Each structure stands twice: as C-alpha cells, then as structure tokens.
Amino acid sequence: MESENSMMGPEATASAGASAGLAIAFQPIAEIAGSRIHAYEAQVQRNGAPAAQDFDQLSAEQRCDVDRRCAVAAIRWAATAGFANSGGRLAIPMSAPAIGDPAEHIQPALVTARQYNIVPERLVFMLHHYQAITSSQLADIMHVFNKLGPTVAFHGIGPNESGLAACGKFAPHMVTIEPELITGVASSWSRRIAIEDLVRRMQSLSLRIVAAGVDSEAAYERLRSFGVPLVQGSYVGAPAAGILPQPMSRSAA
C-alpha cells in the first residue's frame with residue numbers, strides 16, 4: 001500500500017498523508033489502581049476510523065511491509081507527542097503470521113527508537129493472530145524480541161478462551177481479554193461468572209491481564225473487583241490522533 005509511505009512521520013499529514021486520511025492514534029492502557037498510565041497502544045486510523053480491517057485484506061508480504069512501516073510511524077508520532085516524558089510503554093500492533101525473520105522485522109523500529117532516545121525496553125510489540133502460527137514460530141519471535149529488548153503482548157483471549165494455552169506457555173508481557181468477552185460483564189450474571197473464572201485462570205499462569213473494551217463505570221468496578229490490573233476502553237480513554245491522552249482519573253478502592 002503506497003499510502004502507508006505517508007505515515008513515516010506526523011509532519012507528513014499536512015501533505016501526502018492528509019489526502020490519504022491516515023494518522024497514528026494512541027489509546028491509554030491504564031493501571032486500575034490509581035489510573036496511572038501503563039502503556040499507549042498505537043492504532044492506525046484512516047479518516048478518524050480504525051484502519052485495521054484495511055490491513056486484513058493484504059497479502060502476507062504486503063502486511064509485513066505495512067507492519068514495519070506502521071511501527072516506525074508509531075514511534076515517530078509518539079516521540080513527537082512527548083512519549084519520552086510519558087512514563088509509559090508504547091504498544092505497537094503486529095500481525096504474527098506476517099513476521100518472517102523476527103530480528104529483521106523489528107530492526108527498522110529499533111533504529112527509529114534509538115534516533116529518539118527511546119530504549120527498546122519501553123516498546124511492546126502486540127501480536128495479533130498469534131494463534132495462527134506454530135509454537136516454534138511463536139517461540140522464535142518471543143526469544144528474539146525479548147533478547148533485543150522489546151517485550152511481547154498477545155492480543156486477545158477470544159471466545160472459548162482461544163489462545164489461553166499459548167499465553168500460559170510463552171508468558172507475554174501483557175494479554176488482552178477481547179471486548180466481546182468484556183461486554184455485558186456488569187449486567188450479565190453468566191458473563192460475570194465466566195470472566196471471573198477466566199481472570200482467575202490467567203492469574204494462576206502469572207499473566208498480566210488487560211481488559212479491553214471497558215465502556216462504563218459498572219464494568220470498570222466489576223473488573224477491579226476481579227483483580228484485573230490493567231484496563232483499556234472508552235471509559236478509560238478514547239484513542240487520540242497525534243497526542244498521548246491521559247487516562248481518566250478514577251478513584252482507587
């Protein structure tokens with residue numbers, strides 16, 4: 001996709017990037033105790049809407065190139081927005097099936113991070129579709145990424161707890177519970193029981209849990225009662241293009 005060339009820096013928005021409507025937005029992932037920032041997830045937007053579905057239509061080779069370009073763009077946009085003083089990490093989405101050589105795949109991002117004096121340890125590569133690759137491929141990615149400094153998050157414990165076994169085996173830095181599972185946790189007795197059991201199992205595996213799609217105070221408080229440490233969603237803070245929004249201040253119990 002040629003249009004991704006325009007995302008190499010926020011300054012490009014005024015020229016070629018503006019016509020494509022592309023931007024990098026950042027959404028906070030907050031610690032539920034005290035609402036402190038843990039990380040910002042970088043999200044590519046087109047005309048203010050998520051562009052992830054556009055990328056799902058790409059071939060593996062195209063997706064590899066786009067992921068690398070987006071990682072570089074995310075770091076540049078974050079640095080321009082004041083990431084150095086944010087106190088958090090930068091979570092950068094990547095499609096696991098598009099990763100060939102793990103070291104080669106993240107090299108442009110690491111080079112860019114050094115240019116902005118961002119240490120690799122503050123980068124978290126958030127793997128999407130990690131269930132679609134073999135255990136040996138996933139082990140190689142985990143080994144190489146962690147060796148080079150960045151850590152790895154797994155995007156999504158989905159319906160029927162898909163991905164839980166891989167999360168327990170590889171111990172990523174963070175694991176998100178998908179919004180589809182979080183929806184209704186405040187109002188549905190059966191959903192509360194299911195999420196509480198899932199959280200307990202994840203905690204037994206020493207996984208750092210992120211509940212995504214938290215959209216109400218009731219859901220936030222219910223997840224807090226389950227001992228979920230990290231939350232993300234409209235109730236915590238919406239994605240914002242080109243800036244690093246602070247999470248909404250919530251009282252700690």
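Note that the numbering runs from 1 along the sequence shown for the chain. Nothing here was measured: the structure is a model prediction, and the numbers come from that model.
For E31, the salt bridge (charged side-chain N to carboxylate O under 4.0 Å, His left out) criterion is met by R36, not counting sequence neighbours. Under the side chain to side chain contact (heavy atoms under 4.5 Å, CB included) criterion, S188 pairs with S190, R191, sequence neighbours left out. Under the ring pair (Phe, Tyr, Trp, His ring centres under 6.0 Å) criterion, F26 pairs with no residue, sequence neighbours left out. Remark: S187 engages no residue in a side chain to side chain contact (heavy atoms under 4.5 Å, CB included) (not counting sequence neighbours).
Within the model, atoms CZ of R122 and OH of Y40 stand 10.5 Å from one another, a figure rounded to the nearest 0.5 Å. Rounding to the nearest 0.5 angstrom, the gap separating the CD1 atom in I182 from the OH atom in Y220 is 13.5 Å. A distance of 13.5 Å separates CD1 in I32 from NE2 in H38, rounded to the nearest 0.5 Å. The CZ atom of F154 sits 9.5 Å away from the CG atom of L207 when rounded to the nearest 0.5 Å. Taking CZ of R192 as the reference point, atom CG of D197 lies at 14.5 Å (rounded to 0.5 Å). Q43 CD to M126 CE: the interatomic distance, rounded to the nearest 0.5 Å, is 9.0 Å.
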Apply side chain to side chain contact (heavy atoms under 4.5 Å, CB included) to the pair I141 and I133, showing each step before the final yes or no. CA-CA 11 Å; I141 292 171; I133 62 176; 3.9 Å; yes
Quick one: do C64 and R68 satisfy side chain to side chain contact (heavy atoms under 4.5 Å, CB included)? Show the steps, please. CA-CA 6 Å; C64 175; R68 294 173 73 182; 4.1 Å; yes
For side chain to side chain contact (heavy atoms under 4.5 Å, CB included), just list the numbers for L123 and L110, CA-CA rounded to whole Å, side-chain angles, deciding distance to a tenth of an Å, and then say yes or no. CA-CA 9 Å; L123 302 179; L110 296 181; 4.2 Å; yes
V185 vs F226, side chain to side chain contact (heavy atoms under 4.5 Å, CB included): CA-CA, chis, key distance, verdict: CA-CA 11 Å; V185 68; F226 294 162; 4.0 Å; yes
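Between C70 and I92, the closest side-chain pair of non-hydrogen atoms is not below 4.5 Å. The side-chain heavy atoms of I99 and F145, taken from C-beta on, include a pair separated by under 4.5 Å. Annotation: side chain of V199 is not in contact with side chain of L223 (no heavy-atom distance under 4.5 Å). A 4.5 Å side-chain heavy-atom check between P93 and E41 finds at least one atom pair inside the cut-off. Put simply, the side chain of V44 reaches to within 4.5 Å of the side chain of I24, judged on heavy atoms.
No hydrogens or angles considered: nothing links the side chains of R222 and S216 as a donor-acceptor pair under 3.5 Å.
The minimum heavy-atom distance linking G242 with A81 is given by the pair O-CB, 3.4 Å. Annotation for M94 and A71: closest pair CE-CB, 4.0 Å, computed over non-hydrogen atoms. L138 approaches A166 most closely through the heavy-atom pair CD2-CB, 4.3 Å. Counting all heavy atoms, side chain and backbone alike, Q27 lies closest to S234 at NE2-N, 4.3 Å. Minimum interatomic distance between V144 and A103 (heavy atoms only, all atoms of both residues): CG1-N, 3.6 Å. Heavy-atom minimum distance, P172 versus C167: CD-O, 3.3 Å.
No continuous path of ILVMFWY side-chain contacts below 4.5 Å connects L230 to L205, so the two sit in separate hydrophobic clusters. Tracing side-chain contacts under 4.5 Å through hydrophobic residues (I, L, V, M, F, W, Y), one never reaches V124 starting from I106; they form parts of separate clusters. When the side chains of ILVMFWY residues are joined at heavy-atom separations under 4.5 Å, either directly or via intervening members, M202 and Y130 end up in a single hydrophobic cluster. Residue I75 is not grouped with residue I243 when hydrophobic side chains (ILVMFWY) are merged at heavy-atom distances under 4.5 angstrom, including chains of intermediate members. No single ILVMFWY cluster, assembled from side-chain heavy atoms under 4.5 Å apart, contains both I209 and M174.
Note on residues 139-156: pairs passing side chain to side chain donor-acceptor pair (under 3.5 Å), not counting sequence neighbours, are R89-T151. For residues 81-116, the set of pairs meeting the ring pair (Phe, Tyr, Trp, His ring centres under 6.0 Å) definition, not counting sequence neighbours, is empty.
The closest donor-acceptor contact from the side chain of D67 to the backbone of S95 lies under 3.5 Å.
Taking a 6.0 Å sphere around CD of E61, one finds it holds 12 or fewer heavy atoms contributed by other residues, nucleotides or ligands.
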